[in-house]
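Data block below; observations after.
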Amino acid sequence: MEPVAIVWHRILATQPAPSTIGLALSAVTAAVLVWNRALWALARHVVTIAHEGAHGLAAAACGRRLSGIRLHSDSSGVTVSSGRPAGPGMIVTAAAGYVGPALLGLGCAWLLADDHAIAVLWMLLACLALLLLQIRNFFGLWAVLASGAVLYVVSWRLNVQAQVVFAHVVTWFLLLAAPRPVLELEAVRRRGSRGSDADQLARLTPLPALLWVVVFLLVTTGALVLGSAWLLT
């Protein structure tokens, strides 16, 4: 069988869901990554990758010219695109970041509900490969390559059971982690910062920044609830 055919066979194949214990352990592992302060400092970079990738995807989908993405060691990031400084395209681009990790996690949960764990891993790997083309700084390059290397090793070197569990951990992590940056965003805004996506959206629309924070929180928690239902049934 040709290498491409082998890959497609792996992607389209189904894998049995983990046991109840395995599913519970994957959720607990993800929760620890999100709520342990030391682990979150590292794991948050994954959320930033998804956040900036969502900005980039939205910009491209709206016809804006994507100039590049930078990821920083403090887990912040910036996506630069050119086009109209206002209008629907700019609004969608600005709104995509905080909801991006949640929607990505929801997509992963949908695939896992249909027993496509390896498809989840390869989808994430493909997303990282596309993101890599837009990275414009060394730390961002290192972060994306490191994440891609982990996914590659899991996809090709571990057994199927380990791949299934890993896909569930990543999915639970994306779903559980997505609301936390939104809460952190409002905490930073209360200290006087006014340079966030929510503040940018407030300048682009009639809605105040606080309402955009609420929208982000509703989308991320809604994705968590729906994704959890798919994973647990």
Side-chain angles (χ1 to χ4, degrees), residues 26 29-31 33-35 39-62 66 68-81 92-112 119-137 139-152 154-155 166-185 196-198 213 215-224 226-228 231:
S26 65
T29 300
L33 289 172
V34 173
W35 294 111
L39 294 176
W40 176 245
L42 179 63
R44 198 185 195 287
H45 290 287
V46 175
V47 180
T48 302
I49 289 173
H51 178 117
E52 299 303 333
H55 278 313
L57 178 62
C62 292
L66 189 58
I69 296 172
R70 292 176 177 270
L71 305 172
H72 304 135
S73 58
D74 63 355
S75 75
S76 65
V78 61
T79 298
V80 179
S81 64
V92 171
T93 299
Y98 279 98
V99 302
L103 297 181
L104 179 59
L106 191 61
C108 293
W110 179 74
L111 287 171
L112 290 177
V120 167
L121 301 179
W122 279 92
M123 177 188 72
L124 295 174
L125 195 58
C127 290
L128 288 174
L130 291 174
L131 180 62
L132 189 64
L133 300 176
Q134 295 297 330
I135 294 297
R136 295 295 183 268
N137 68 323
F139 182 84
L141 180 66
W142 178 88
V144 173
L145 286 176
S147 300
V150 171
L151 284 170
Y152 178 82
V154 171
S155 300
F166 186 85
H168 278 78
V169 171
V170 172
T171 301
W172 277 116
F173 173 76
L174 289 169
L175 293 171
L176 291 168
R180 179 164 180 175
V182 180
L183 299 174
E184 294 174 345
L185 164 64
S196 70
D197 293 348
V213 174
V215 170
F216 296 158
L217 192 59
L218 288 175
V219 173
T220 54
T221 55
L224 172 59
L226 181 57
S228 299
L231 291 171

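Values reported hereafter were calculated over all heavy atoms of this structure, with side chains retained and with hydrogens, waters and symmetry mates removed. Since we're looking at a predicted model, the values are computed, not measured.
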Is the closest side-chain heavy-atom distance between [X] and [Y] below 4.5 Å?
{"X": "Arg44", "Y": "Pro181", "answer": "yes"}
{"X": "Ile69", "Y": "Arg136", "answer": "no"}
{"X": "Ser26", "Y": "Phe166", "answer": "no"}

Can you tell me how far the [atom1] atom of [X] sits from the [atom2] atom of [Y], to the nearest 0.5 Å?
{"X": "Leu217", "Y": "Tyr98", "atom1": "CG", "atom2": "OH", "answer": "12.5 Å"}
{"X": "Ser75", "Y": "Trp40", "atom1": "OG", "atom2": "CH2", "answer": "8.0 Å"}
{"X": "Leu128", "Y": "Ile49", "atom1": "CG", "atom2": "CD1", "answer": "6.0 Å"}
{"X": "Leu121", "Y": "Ser155", "atom1": "CG", "atom2": "OG", "answer": "4.5 Å"}
{"X": "Thr48", "Y": "His72", "atom1": "OG1", "atom2": "NE2", "answer": "10.5 Å"}
{"X": "Cys127", "Y": "Leu151", "atom1": "SG", "atom2": "CG", "answer": "10.0 Å"}

Which heavy atom of [X] sits nearest a heavy atom of [Y], and at what distance?
{"X": "Ala109", "Y": "Thr171", "value": "N-CG2, 3.6 Å"}
{"X": "Ala143", "Y": "Leu71", "value": "CB-CD1, 4.4 Å"}
{"X": "Leu124", "Y": "Cys108", "value": "CD2-SG, 4.1 Å"}
{"X": "Ile135", "Y": "Leu141", "value": "CG2-N, 3.3 Å"}
{"X": "Ser228", "Y": "Trp172", "value": "OG-CZ3, 3.3 Å"}
{"X": "His45", "Y": "Ser73", "value": "CE1-O, 3.3 Å"}

Residue that, paired with Pro179, satisfies side-chain contact (heavy atoms from CB on, under 4.5 Å) out of Thr221, Leu218, Val219: Thr221
Leu175, Val46, Val47 screened by side-chain contact (heavy atoms from CB on, under 4.5 Å) with Pro101, the one that passes: Val47
Results of side chain to side chain contact (heavy atoms under 4.5 Å, CB included) for Ser196 - residues two or more places apart only: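 With sequence neighbours excluded, Ser196 shows a side chain to side chain contact (heavy atoms under 4.5 Å, CB included) to Leu185, Arg189, Ala198, Asp199, given in chain and number order.
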Arg180: salt bridge (charged side-chain N to carboxylate O under 4.0 Å, His left out) partners, not counting sequence neighbours: Glu184
Contacts of type ring pair (Phe, Tyr, Trp, His ring centres under 6.0 Å), residue His55, not counting sequence neighbours: His51
